[in-house]
2 protein chains.
Amino acid sequence: MSDLLERLRGRGWRMTAQRRVVAEVLNGDHVHLTADEVHAKAIAKLPEISRATVYNTLGEMVTLGEVIEVATDGRAKRYDPNAHRPHHHLVCARCGAIRDVHPTGNPLADLPDQERFGFTVSEVEVTYRGLCPHCAAA
Amino acid sequence: MSDLLERLRGRGWRMTAQRRVVAEVLNGDHVHLTADEVHAKAIAKLPEISRATVYNTLGEMVTLGEVIEVATDGRAKRYDPNAHRPHHHLVCARCGAIRDVHPTGNPLADLPDQERFGFTVSEVEVTYRGLCPHCAAA
DNA sequence: CGCTTGACTTAGACATTGTCCATTGTAGGA
DNA sequence: TCCTACAATGGACAATGTCTAAGTCAAGCG
Ligand SMILES: [Mn+2]
Ligand SMILES: [Mn+2]
Ligand SMILES: [Zn+2]
Ligand SMILES: [Zn+2]
């Protein structure tokens, strides 16, 4: 079952049906759902779950570092349960499909000092864009 | 004056006071304003300019490739007049300050074939995050 | 077990960001 | 100067996200 759920239990969370369902919906690989997509899938399992609870629960998971917020387009944020293995994203410009990718090399090392403007740089986020096999064929 | 304005004129744009003002507001380096920030600055020069016109004009500039849309946070898109020199971004996680940066190396080359899942990858976008000198001092 | 209580959920109002449309205005050529 | 196609405007609407007041319930305790 859900690793995510186990970790949350271990953090002293009160276990409610709503939180269980949100965690279940987020289970899996290459999962990058918007809050409203999570809500829709959650409703299928627990019809009375509210939008506010989905937003609250996702926000808490992010705060705990168990879920990552990803903003690949200028639209809705996406929620990514793959929080414990650093990775980047490959996005289809046409259909929006998103895959986790693990580039070689360290982009942080590619930013020279004189390009840092005195910033303390701690993090880097890489988004590759292109066409997925299906969209490229069309 | 505005290079941007010159290029737009060259593309056969009808020159209106509104378009002139939007182009003026976007003039400069390291400029990454939201649509509503552009609107606020535009109003200071031309009080009757409407929000819809600012959105329209920005959208047209993006379509023409004279301005880039940047989505560094999950909030409002930002509009970047630096469209003719490829670059990436360095963002202060605290105050939101954004600088253009030019990393060495090519991140596209760092994505191995087996990490491409059959995608045709054409573009890569890198966002560095950290603290600007001012925020790091506080 | 069945209370108690503070944490959780809910519905819906509200905020922000962005899009669309019908109407009015005007830049630029004839 | 006049015409007209293109542009600007205000406001309705849509999508996403935040907040609050009131009701509900998980879980620790007697
Ligand atoms: Mn991911
Ligand atoms: Mn830029
Ligand atoms: Zn696709
Ligand atoms: Zn800062």
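Values reported hereafter were calculated over all heavy atoms of this structure, with side chains retained and with hydrogens, waters and symmetry mates removed. Below, chains carry the letters A, B, ... as their sequence lines are ordered, and counting in each starts from 1.
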Looking at B:Tyr55, does any N or O in its side chain come under 4.0 Å of the phosphate oxygens OP1/OP2 on C:dT19?
no
If only side-chain N and O atoms of B:Gln18 are considered, is one of them under 4.0 Å from the OP1 or OP2 phosphate oxygen of C:dG25?
no
Flag if over 12 foreign heavy atoms under 6.0 Å of CG, B:Asp29:
no
Would you call A:Arg78-A:Glu69 a salt bridge at under 4.0 Å N-O?
no
Among residues 66-78 of chain B, which residues get a heavy atom nearer than 4.0 Å to DNA chain C?
B:Arg75, B:Ala76, B:Lys77
Heavy atoms of other groups near A:Arg11 CZ, more than 12 under 6.0 Å
yes
Could B:Arg99 and A:Glu115 be called an ion pair, given the rule that one side-chain N must be under 4.0 Å from one carboxylate O?
no
Starting at atom CG of A:Leu33, determine the distance to atom C1' of D:dT16, rounded to an integer number of angstrom.
16 Å
Mind running a 4.0 Å heavy-atom check of residues 44-52 of chain A against DNA chain C and sending the residues that fall below it, in number order?
A:Glu48, A:Ile49, A:Ser50, A:Ala52
For B:His88, which residues count as a ring-ring contact (aromatic ring centres under 6.0 Å, His included) partner, sequence neighbours excluded?
none
Checking side chain to side chain contact (heavy atoms under 4.5 Å, CB included) against B:Arg19, which of B:Thr57, B:Asn56, B:Ile49, B:Leu8 comes through?
B:Thr57
Expressed as a whole number of angstroms, how long is the span from A:His39:NE2 to C:dT10:C1'?
10 Å
Ring pair (Phe, Tyr, Trp, His ring centres under 6.0 Å): pairs with one or both residues in residues 10-43 of chain B, sequence neighbours excluded:
A:Phe117-B:His30, B:His32-B:His89
Considering only Ile, Leu, Val, Met, Phe, Trp and Tyr, and joining two whenever side-chain heavy atoms are under 4.5 Å apart, list the other residues clustered with B:Ile68.
B:Val70
Here the distance between atom C1' of C:dA15 and atom CG of B:Asp36, to the nearest Å, is 12 Å
If each of A:Gly12 and B:Thr16 is mapped to the nucleotide of DNA chain C with the nearest heavy atom, which maps nearer the 5' terminus, i.e. the 5' end?
A:Gly12
Between protein and nucleic acid, restricted to nucleotides 1-6 of chain C and to nitrogen or oxygen atoms under 3.5 Å apart, what atom pairs and distances do you find?
residue	atom	partner	partner atom	Å
C:dG6	N2	A:Arg14	NH1	2.8

Rounded distance (Å) that lies between atom P of D:dC6 and atom CG of B:Asn56:
15 Å
Step by step, would you call B:Tyr79 with B:Val31 a side-chain contact (heavy atoms from CB on, under 4.5 Å)?
CA-CA 8 Å; B:Tyr79 293 87; B:Val31 170; over 6 Å; no
Please determine whether salt bridge (Lys or Arg N to Asp or Glu O under 4.0 Å) holds for the pair B:Glu24 and B:Lys45, giving the CA-CA distance in whole Å, both sets of side-chain angles, and the decisive distance to 0.1 Å.
CA-CA 10 Å; B:Glu24 276 170 20; B:Lys45 296 168 182 258; 3.4 Å; yes
Starting from P on C:dT19, measure out to CD on B:Glu60 and report it in whole angstrom.
13 Å
From CG of A:Leu58 across to P of D:dT18 the rounded distance in Å is 11 Å
Within a 6.0 Å radius of atom NE2 on A:His134, are there more than 12 heavy atoms belonging to other residues, nucleotides or ligands?
no
